[in-house]
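Read the numbers this way: they start at 1 and go in the same order the structure lists the ligands and their atoms. A quick note: this is a predicted structure, and the numbers were derived from the prediction, not measured.
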Amino acid sequence: MNEIRERILQLQPDLIALRHDLHAHPELGFEEHRTAAIVAEWLQKHDIETLTGVAGTGIAGTLRGEAGEGAVVGFRADMDALPIEEQNDLPYRSRHVGTMHACGHDGHTTILLGAAAVLAQLRAQLRGTVRFYFQPAEEVVSGAQAMLTEGVLQQMRPRWVVALHGRPGLPLGSIGLRAGVMMASADTFDIWLQGKGGHAALPHLAEDPIVASAQLVFALQTLTSRESDPSDPFVLSVTQLHAGNTYNVLPQQAHLAGTVRCLCEETRSRVRRRIEQLVDAVAQAGRLNGRFEWHAGVPALRNDEAVVARIAQVAEESFGSERVIWLKHPLMGAEDFAYFAQEVPAAMFYLGLGEVADWHNACFDFADGAIAPGVEMLVRLALSELCT
Ligand SMILES: [Zn+2]
Ligand SMILES: [Zn+2]
């Protein structure tokens, strides 16, 4: 126990410096060239086999234990930043205008590199293999799938994969857990209502997509208020409504767009079907043509129960049960680690960041105090499978 903590403590100044460097040089999805170079250099420095250029800027590291054959386990970190102008006044404030690490992926990358370094020091004790997946483009929910398409799980099938995400508001260094659904699916849609338009003073001769759009927005909201099982909530938000460009013309077309967040596949397909029906019904009532397009996004993230139980046990042994927080509800946000969880037993846990600004806020900054407990969790998880 103390030996591992000692190793992490020795590494801590380097890890904090690394995190600050990544924070100062944020890169958007699929543009993480500098970050990927730093990750690759670090892994190679610790004699970890490093495959670069996976799905563009992704990296897969392989650490082979020297104590014999055993399972493969995997860890995933995301590396990308967000198109937000940082408002923090920090010595390591973002040097890239309009881009910042406002979701803590600088912290996630640092923690996984820290775990890789410690596990590399312990390789003589490891029976099996640890895989490290550094994925690009989580914020645009496409990096995970791109890496999976390149076969990172097939190359060496892991028994389980774990990821962590820093969470503002949870006590610093605590572990937030939930078995089953952890985060929602995220799909988007476009709707067009089309008619012949006409003179604003002669509405009886025209077909009006604006009034129909207003009806449709309300009708869509009744899906969440009247058709959703309160124990299986979903979110439907209309986020765009465009129609017309002057005062005296009823336009020919209105365009609506939005997003749907669900916690299970059945609800996801039911909501999609119901939106389509409402578009048809409202269009028909308004003598308009309705067109509906659904863009399937990331599925809900479902944490494997056995993997969650392992994380809970490791966290309790390492930090005490009072540091383990069981989350009552899933979050309606989405996370593309869900694609890993569709392929292999997987779970994500939250790492408490204490009182920092919220995710995607221009004042967010990952808590350096969470790095050591994060590294310790990943190291001990690997040891729990490979060092028995
Ligand atoms: Zn984010
Ligand atoms: Zn994130």
J.: Does E138 put an N, O or S atom under 2.8 Å from the Zn ion (ligand 1)?
T.: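 Short answer: no, not a single N, O or S atom is under the cut-off.
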J.: Assess C103: does it contribute an N, O or S atom lying under 2.8 Å from the Zn ion (ligand 1)?
T.: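 Given the 2.8 Å cut-off, C103 counts as a ligand of the Zn ion (ligand 1).
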J.: To check your reading of the site, what angle at the Zn ion (ligand 1) do OE1 of E139 and NE2 of H360 form, to 10°?
T.: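 Here the angle at the metal atom is close to 90°, to 10°.
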J.: Within a 6.0 Å radius of atom CD on E305, are there more than 12 heavy atoms belonging to other residues, nucleotides or ligands?
T.: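 Atom CD in E305 is not crowded, with 12 or fewer foreign heavy atoms closer than 6.0 Å.
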J.: Rounded to the nearest 10°, what angle sits at the Zn ion (ligand 2) between NE2 of H165 and NE2 of H105?
T.: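 NE2 of H165 and NE2 of H105 make an angle of 120° at the Zn ion (ligand 2), to the nearest 10°.
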J.: Under 3.5 Å, is there a donor on one side chain and an acceptor on the other for S185 and R261?
T.: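 R261 and S185 do not have a side-chain donor-acceptor pair below 3.5 Å.
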J.: Parallel, tilted or perpendicular: which one describes the rings of H108 and F366, with boundaries at 30° and 60°?
T.: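 H108 and F366: perpendicular rings.
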J.: Give me the one residue out of F337, W359, F349 that meets ring pair (Phe, Tyr, Trp, His ring centres under 6.0 Å) with H165.
T.: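 Single pass found, and it is W359.
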J.: Would you tell me whether S94 and E86 have side-chain atoms, one donor and one acceptor, within less than 3.5 Å of each other?
T.: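 No, E86 and S94 have no side-chain donor paired with an acceptor closer than 3.5 Å.
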J.: Please find out if the Zn ion (ligand 2) and some N, O or S atom of H108 are separated by less than 2.8 Å.
T.: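 Looking at H108, which is the residue asked about, there is no N, O or S atom under 2.8 Å from the Zn ion (ligand 2).
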